[in-house]
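Letters A, B, ... mirror the listed sequences (proteins, then strands); counts begin at 1.
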Amino acid sequence: MGLLDLFRKPPKTASVAKERLRIIVAQERSARGSGTPDYLPLLRRELLEVIIKYVNVDPAAVQVNFGRESGHEVLEFSVALPEARRAQARGV
Amino acid sequence: MAETIVVTSGKGGVGKTTTSASIAVGLAQRGKRVAVIDFDIGLRNLDLIMGCERRVVYDFVNVIQGDCQLKQALIKDRRIETLFVLAASQTRDKDALTSDGVKRVLDELSAEGFDYIICDSPAGIEKGAHLAMYFADQAVVVVNPEVSSVRDSDRILGLLASRTQRAEQGNGGVKEHLLLTRYSPRRVATGEMMSVQDVKEILGLDVVGVVPESPDVLQASNAGVPVILNDNSDAARAYEDAVARLLGENVPFRFVEEPKKGFFARLLGR
């Protein structure tokens with residue numbers, strides 16, 4: 001570190017890297033979690049294609065999760081609708 | 001029974017071959033009988049790092065296909081009595097490596113009385129990488145403190161936990177270790193690089209070694225002398241520590257903190 005560097009703050013990107021990795025690693029681990037069926041990613045994509053025909057949702061808003069609860073397997077599926085649409089959906 | 005250790009990473013260029021060479025040398029220096037195998041079929045490189053490229057007559061695929069005896073293909077290291085190299089084939093045939101063939105070679109090495117078999121994995125998650133890890137008892141996952149390397153390492157950890165013989169047989173799985181390379185304590189101190197602790201937390205694994213970024217690594221590959229043999233190198237000492245930890249010794253980490261500099265050294269930027 002030279003004299004001038006004493007006055008210049010270096011960018012602290014390491015914490016950004018750590019946070020990004022923490023999220024993506026957790027997501028990828030749950031996607032390949034033990035006993036998770038191979039078809040989940042494809043199922044998620046096809047469901048997304050169908051939903052987008054009717055509602056303009058963000059791809060990240062479609063969640064497909066596979067879990068086990070007291071002896072039986074649960075396929076959980078959730079779509080977060082955009083604000084305006086949600087209001088409309090309630091009105092129907 | 002030989003202990004089989006795969007050196008793997010997913011991402012290329014992080015130091016798998018450098019690490020394989022140094023771990024093999026380090027174990028052999030401690031009197032172990034060691035065979036180090038290059039699994040990167042088509043892209044042979046371990047021979048260069050070990051400095052035996054001109055002595056390759058027969059390779060791994062020749063042994064598997066029965067063109068020669070295993071003994072004819074094992075290249076005896078000229079520096080250490082108990083160290084042998086098995087070079088990768090330069091064939092372009094990706095199917096040259098078979099699971100049965102690899103198993104046969106590993107079993108024969110074990111029967112020949114080798115203590116350790118180091119499998120230098122190719123990058124990626126294709127067949128070569130799969131076969132390099134399949135029969136492993138332990139895995140050294142080489143990782144740089146950098147986003148793509150860490151993410152790919154996690155992918156490899158997933159494969160180690162599911163697509164290996166030990167995982168399939170359900171007998172405790174492969175024992176996994178992290179080895180960080182190209183570590184710069186100075187950049188960690190300034191917040192530019194993830195720390196050992198950060199990588200450890202993300203991947204949830206114990207660290208077996210931290211090798212500092214060092215110009216000695218390039219010098220070593222230029223010369224064909226594994227870096228661990230350099231008497232005046234921090235990287236060499238770090239690899240020796242990693243070998244000690246693999247052998248179950250409790251060794252404190254060196255070269256992970258920036259050395260304290262005096263006032264004038266800082267002022268002058270040295």
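Between B:Thr190 and A:Lys12 the shortest side-chain heavy-atom distance does not fall below 4.5 Å.
B:Leu218 meets the side chain to side chain contact (heavy atoms under 4.5 Å, CB included) test with B:Ser221, B:Asn222; sequence neighbours excluded.
Counted within 6.0 Å of CD on B:Glu257, heavy atoms from surrounding residues, nucleotides or ligands total 12 or fewer; the atom is thus considered open. Heavy atoms from other residues, nucleotides or ligands lying under 6.0 Å from NZ of B:Lys175 number 12 at most. Atom CZ of B:Arg182 is surrounded by 12 or fewer heavy atoms from other residues, nucleotides or ligands within 6.0 Å. Within 6.0 Å of CZ in B:Arg237 there are more than 12 heavy atoms belonging to other residues, nucleotides or ligands. Within a 6.0 Å sphere centred on CD of B:Glu126, other residues, nucleotides and ligands contribute 12 heavy atoms or fewer. Few gaps surround CZ on B:Arg254; more than 12 heavy atoms of other groups in view lie less than 6.0 Å from it.
We find that B:Glu201 and A:Lys18 are joined by a salt bridge, their nearest charged nitrogen and carboxylate oxygen being less than 4.0 Å apart.
Note that CD1 of A:Ile23 is 10.5 Å distant from CD1 of B:Ile202, once rounded to the nearest 0.5 Å.
Interface residue B:Met194: backbone and side-chain heavy atoms are both found under 4.5 Å from chain A.
Of all heavy-atom pairs spanning B:Asp154 and A:Arg29, the tightest one is OD1-NH2, 2.6 Å. The shortest non-hydrogen separation linking A:Thr13 to B:Glu192 is OG1-O, 3.8 Å.
Close approach to chain A, defined as a heavy atom under 4.5 Å from one of its heavy atoms, is seen in B:Val147, B:Val150 of residues 129-150 of chain B, taken by number.
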